[in-house]
Amino acid sequence: MKKRNRVMNLFYIPALILFSIFVIYPLCKGIALSFTNWNGYSQTYKMVGLSNYTRMLTDKNVIRAFINTLIYGGMSTLLQNVLGLALALFLNQKFKGRAVTRTLVYLPVMIAPLIMGYVMYFFFSFNNGALNDLLAVFGKEAVDWLSDGKTAVAILTIVNSLQFVGISMVIYLAGLQGIADMYYEAADIDGATPLKKFRYVMLPLLQPAVTSSVTINLIGGLKLFDIIMALTSGGPGYDSHSLSTLVHRTYFASENAGYASAIGIITFLLIAVFSNLIVQYLKKKEVEM
Amino acid sequence: MKKKNGIWRIPVLIVIFCVYFSPFYILTVISFKSATDLSSRWEFPAAPTLDNFRTAIEQGGILKALFHSFVIMVIAVLLIVVVGSLAAYPLARNKSKWNKVIKAFVMGIMMVPPLSILVSLYSIIVDMGGVNQYWGIIIILLTFELPQAIFLYSNFISSIPTALDEAAALDGCGPVRTFFLIIFPQLKSVTASVVILAGIHCWNDYQFSLYVLQSSEMSTVTLAISSFFSQTTSNLNAASAAALLAILPVVVCFLCLQKYFIKGMVDSAVK
């Protein structure tokens, strides 16, 4: 049996080779590059020590992108979970048209975020934009939606949340369907109000669904790239960049590969620490229930 | 006693419907409008035209891009299924200390955001000569989709009784034959989930393709759409016709196979 296991273990060798070449090696190489001033194509470059990292601390664009990334991650997660749970509760009731509604809400999850970004451009553009046309119907002035950094960040967060809220909805629907009726019946006998039933019966039993949904939304939001590229390209100025788009810009447009690597490595650490903390916290809550 | 009337649902449904239907509506309207028609994007064109689709196909190369995306997706997904299920088998069956470390390592890979290693990953692909090659993008998509596939497969294989493997071993099947003849045929439903999740990711990928496929000759759907939008700002109508053509296959697939899509999503999320 031992020999059999040894032969069996060979089965994961191809996967491990791929991970080593295309994840671990680039990660190490990225750490090495982050201490250099490489421009991305020349043969020679110098070691510059920690200067890429110290530069980041005073780089307004990096700090802006860092805050934006936390907003994209955190606010999207909040919106998607609140809306997702609300939609799940609503669509868990029996009525005509609920199947169609579920399909419609889930459909955008399938669409490339890049394309969704371009479609949203038709809504938010100043000239002939669909939203401004609606405002005009109510006699309001047209708004230049994407000209202000803060509004742009808010719009990107909302678009991302609405596009992917279907994921949370489906997870919560599965969670709701897994709760046995007897819990509600027991609560009814104890005279619980609907609000109390929600707070003390349903939410604790949904905790595993919350963990899954938050993890997926958080990782998706912190990595936001395509929608930003399509809708604002990080603009106006650098105001709506996430760390992902900033790495891209620093590498290609500013030809600053060493610095881009350093931003990438810091992003990796941030996402790893941030999402691990939240997942640990949620897991602990699950156990307590 | 509990029967209340559901009238309040109607406004809620209308809001949901408006929010989620309007993007598709607007995209369709713009695709069928001629470029000179500057009426509101809410108004359906008085004289619908197919010119935009013609431009998208002839100048935007959208058909070629659809073909590239399709080839990349099919090969990548096939490899993901084979490499992923193979790797998951020992991890699910042989729970030695060492294999637990490997499994934790694979799950850790899932946490690495591609953007943080894109710069060096790109230079490695350049060194290997994988830029503008099918294999270059396929191998990257394969690598980054693998952890999820391994996760799904090993969860599923753990739920198959080991008696099956033991019976096969008694009959003289080696691990290779046991896997391909006995275990793999049991994996149909989880394979459907893996194919759908990985397929959608490969089809919609933009970030990796942007780096690896730089020649316009090799554009995938997302790349073709993005260059279309940036080049022809004066002709947004044709660009949206291209976008409509690009999402059509996905929407049709989803509507036909909805059940499997949602099952795949739930499987991947809930342990």
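To find a chain, count down the sequence lines: A is the first, B the second, and so on, and within it residues start at 1. It should be emphasised that the depicted structure is a prediction, and the values quoted were computed from it without experimental measurement.
- Between D226(A) and Q207(B), the shortest heavy-atom contact is OD1-N, 4.5 Å.
- For T101(A), the part lying near chain B is the side chain, with the backbone staying farther off; criterion is any non-hydrogen pair under 4.5 Å.
- The distance from the OG atom of S120(B) to the CH2 atom of W38(A) is 8.5 Å, given to the nearest 0.5 Å.
- The nearest pair of heavy atoms linking A174(A) to V266(B) is CB-CG1, 3.9 Å.
- Y12(A) has its side chain within reach of L91(B): a pair of non-hydrogen atoms, C-beta onward, lies under 4.5 Å apart.
- With contacts defined as side-chain heavy-atom distances shorter than 4.5 Å, the pair P175(B)/F11(A) qualifies.
- Shown here is Y25(A), whose OH atom has no more than 12 heavy atoms of other residues, nucleotides or ligands within 6.0 Å.
- Using a 4.5 Å heavy-atom threshold, the side chains of I16(B) and L87(A) count as touching.
- To the nearest 0.5 Å, atoms CG (L173(A)) and CD1 (I262(B)) are separated by 8.5 Å.
- Proximity to chain B is limited to the side chain of I24(A), based on heavy atoms less than 4.5 angstrom apart.
- Scanning all heavy atoms of the two residues, the minimum distance from K223(A) to P114(B) falls at CD-CD, 3.8 Å.
- Heavy-atom pairs under 4.5 Å with chain A peak, among L146(B), V126(B), I140(B), at L146(B).
- In this structure, CD1 on I102(B) lies 4.5 Å from CG on L16(A), to the nearest 0.5 angstrom.
- Interface remark: T178(B) contributes side-chain atoms only to the contact with chain A (heavy atom separation under 4.5 Å).
- Of the inter-residue distances, the one linking N204(B) atom CG with I115(A) atom CD1 reads 7.0 Å to the nearest 0.5 angstrom.
- Taking chain B as the reference chain and counting heavy-atom pairs below 4.5 Å, the highest number among I265(A), I167(A), T215(A) is found for I167(A).
- Residue contact with chain A, scored on non-hydrogen atoms closer than 4.5 Å, involves the side chain of V19(B) exclusively.
- Note that CG of L118(B) is 10.0 Å distant from OG of S261(A), once rounded to the nearest 0.5 Å.
- With chain A as the partner, the residue from A88(B), S85(B), S22(B), S96(B) showing the most heavy-atom pairs under 4.5 Å is S22(B).
- Within a 6.0 Å radius of CZ in F90(A), more than 12 heavy atoms belonging to other residues, nucleotides or ligands are found.
- Classified by interplanar angle (parallel below 30°, tilted 30° to 60°, perpendicular above 60°), the ring pair F225(A)/Y206(B) is tilted.
- Put simply, of L33(A), T103(A), V100(A), the one with the most heavy-atom pairs under 4.5 Å next to chain B is T103(A).
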Legend entry - Evaluation steps, side chain to side chain contact (heavy atoms under 4.5 Å, CB included), between L107(A) and F254(B): CA-CA 8 Å; L107(A) 188 57; F254(B) 172 66; 3.2 Å; yes

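- Side-chain contact between Y118(A) and F228(B): absent, with no pair of heavy atoms (C-beta onward) separated by less than 4.5 Å.
- Of all the heavy atoms in T222(B) and L114(A), the pair that sits closest is O-CD2, 3.3 Å.
- When the candidates C253(B), G108(B), P147(B), P23(B) are compared by the number of heavy-atom contacts under 4.5 Å with chain A, P23(B) comes out ahead.
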Inset, instruction - Verify side chain to side chain donor-acceptor pair (under 3.5 Å) between Q258(B) and R102(A), making sure each step is shown before the conclusion. - result: CA-CA 10 Å; Q258(B) 211 185 133; R102(A) 281 186 197 176; over 6 Å; no

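- Heavy atoms of W203(B) lying under 4.5 Å from chain A are absent altogether.
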Inset, instruction - Start with the C-alpha distance between M265(B) and I216(A), add both sets of side-chain angles, then the distance that settles side chain to side chain contact (heavy atoms under 4.5 Å, CB included), and finish with yes or no. - result: CA-CA 11 Å; M265(B) 184 63 240; I216(A) 292 179; 3.8 Å; yes

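- Of all the listed residues (A15(A), G30(A), A130(A)), the one sharing the greatest number of non-hydrogen pairs under 4.5 Å with chain B is A130(A).
- With chain A as the partner, the residue from I125(B), D205(B), V250(B) showing the most heavy-atom pairs under 4.5 Å is V250(B).
- You'll find the ring centres of W42(B) and F122(A) outside the 6.0 Å limit.
- Residue with the most contacts toward chain B among I111(A), I31(A), V119(A), V247(A): I111(A) (heavy-atom pairs, distance under 4.5 Å).
- Looking at F261(B), both its backbone and its side chain come within 4.5 Å of chain A, counting heavy atoms on both sides.
- Between S123(B) and K29(A), the closest heavy-atom pair is OG-NZ, 3.1 Å.
- The choice from G97(A), P26(A), G166(A) that makes the most heavy-atom pairs within less than 4.5 Å of chain B is P26(A).
- Comparing Y89(B), F179(B), Y20(B), F144(B) by heavy-atom pairs within less than 4.5 Å of chain A, the highest count is held by Y20(B).
- Across all their heavy atoms, Q93(A) and R9(B) have their closest contact at OE1-NE, 3.0 Å.
- Within the 4.5 angstrom heavy-atom criterion, no atom of S242(A) approaches chain B.
- Within the 4.5 angstrom heavy-atom criterion, atoms from both the backbone and the side chain of A257(A) approach chain B.
- For the atom pair CZ (F22(A)) and CE (M128(B)), the distance works out to 4.0 Å, reported to the nearest 0.5 Å.
- Within a 6.0 Å sphere centred on OH of Y121(A), other residues, nucleotides and ligands contribute 12 heavy atoms or fewer.
- Using a 4.5 Å cut-off between heavy atoms, L121(B) touches chain A through backbone and side chain atoms alike.
- Highest contact tally toward chain B, considering only T267(A), I266(A), L162(A), is held by L162(A) [criterion: heavy-atom pairs under 4.5 Å].
- Contacts of F268(A) with chain B are made by both backbone and side-chain atoms, with heavy-atom separations under 4.5 Å.
- The most heavy-atom pairs under 4.5 Å with chain A, out of L255(B), V221(B), L210(B), come from L210(B).
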